[in-house]
Amino acid sequence: MGAVFCLHAQPYTTAVGARIGFGVGPSCKFFFSQRDVFEGILAWQWQEKGAGLTALYERHNYNILRSNSAAVFYGGGVHLAYYTSGYYKTREQILYAENVYNVGIDMILGLDFHESGTPLNWSLDVKPFFDLVNKGFRFWDGAVSVRWAF
């Protein structure tokens, strides 16, 4: 005889805060169903003298960890970036000129945590991305995010 295991829906509907990794900046998550999430990230990249905007579709799965407060999440999306000072380069160390625009695709995999009764949402993720303009797989962008959840 098997056991039935059922978890409640996500512990929050919206979270706004900061993502701190290769780039640093605001991150916003919006649930539009019990598992489906839109995340927007605006990141300043100090080393490469630029900024990027990323839009991601994510799926949150609370059953994997068997928890109402912790989820594994995964997804993908797109990014648009602009670098001003000639520090942007590919993994092959090809340095591009000043004022470089870039567009690409992103993937994301991480852990999301929110304890009921507290306003904080934490996540830890890796976000590899591939540039379509000035082509090349760049690297694994990892980060910690801290957000105010409501």
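What you are looking at is a predicted structure, and each value in this text was computed from that prediction instead of being measured. All values below were derived from every heavy atom in this structure, side-chain atoms included, with hydrogens, water molecules and symmetry-related copies excluded.
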Handout entry: Counterpart residues, side-chain contact (heavy atoms from CB on, under 4.5 Å), relative to T14 (two or more places apart)
Key = V16, F30, F150

Exercise for the section: Check P26 against W44 and note the closest heavy-atom contact, atom names and distance. Expected result: CD-CZ3, 3.5 Å

Practice task
Indicate the atoms forming the closest heavy-atom contact of D106 with K127, along with that distance.
Solution key: OD2-NZ, 2.9 Å

Distance in Å, [X] [atom1] paired with [Y] [atom2], rounded so as to fall on 0.5 Å steps:
X	Y	atom1	atom2	result
I64	Y62	CD1	OH	12.0 Å
L42	L53	CG	CG	6.0 Å
F38	Y57	CZ	OH	13.0 Å
S123	F113	OG	CZ	12.0 Å
N102	L80	CG	CG	8.5 Å

Problem - For R35, all residues meeting salt bridge (Lys or Arg N to Asp or Glu O under 4.0 Å), sequence neighbours excluded - result: none

Exercise for the section: Among Ile, Leu, Val, Met, Phe, Trp and Tyr joined by side-chain contacts under 4.5 Å, find the other residues sharing a cluster with V78 and list them by chain and number. Expected result: none

Fill in the blank from the handout: Going by chain and number, the hydrophobic cluster around F73 (ILVMFWY, side chain to side chain under 4.5 Å) further includes I41, L56, I108

Fill in the blank from the handout: For residues 17-29, the salt bridge (Lys or Arg N to Asp or Glu O under 4.0 Å) pairs (sequence neighbours left out) are R19-D125, R19-D141, K29-E58, K29-D112

Exercise for the section: Any salt bridge (Lys or Arg N to Asp or Glu O under 4.0 Å) involving residues 73-84? Give me the pairs, sequence neighbours left out, ordered by first then second residue. Expected result: none

Handout entry: Salt bridge present between R147 and E39 (N-O < 4.0 angstrom)
Key = yes

Problem - F31 and Y12: CA distance, side-chain angles, deciding distance, ring-ring contact (aromatic ring centres under 6.0 Å, His included) verdict - result: CA-CA 8 Å; F31 278 85; Y12 64 95; 5.2 Å; yes

Problem - Residue pair M107 / F129, side-chain heavy-atom distance below 4.5 Å - result: no

Practice task
Report yes if some heavy atom in the side chain of L120 is under 4.5 Å from a heavy atom in the side chain of H114; otherwise report no.
Solution key: no

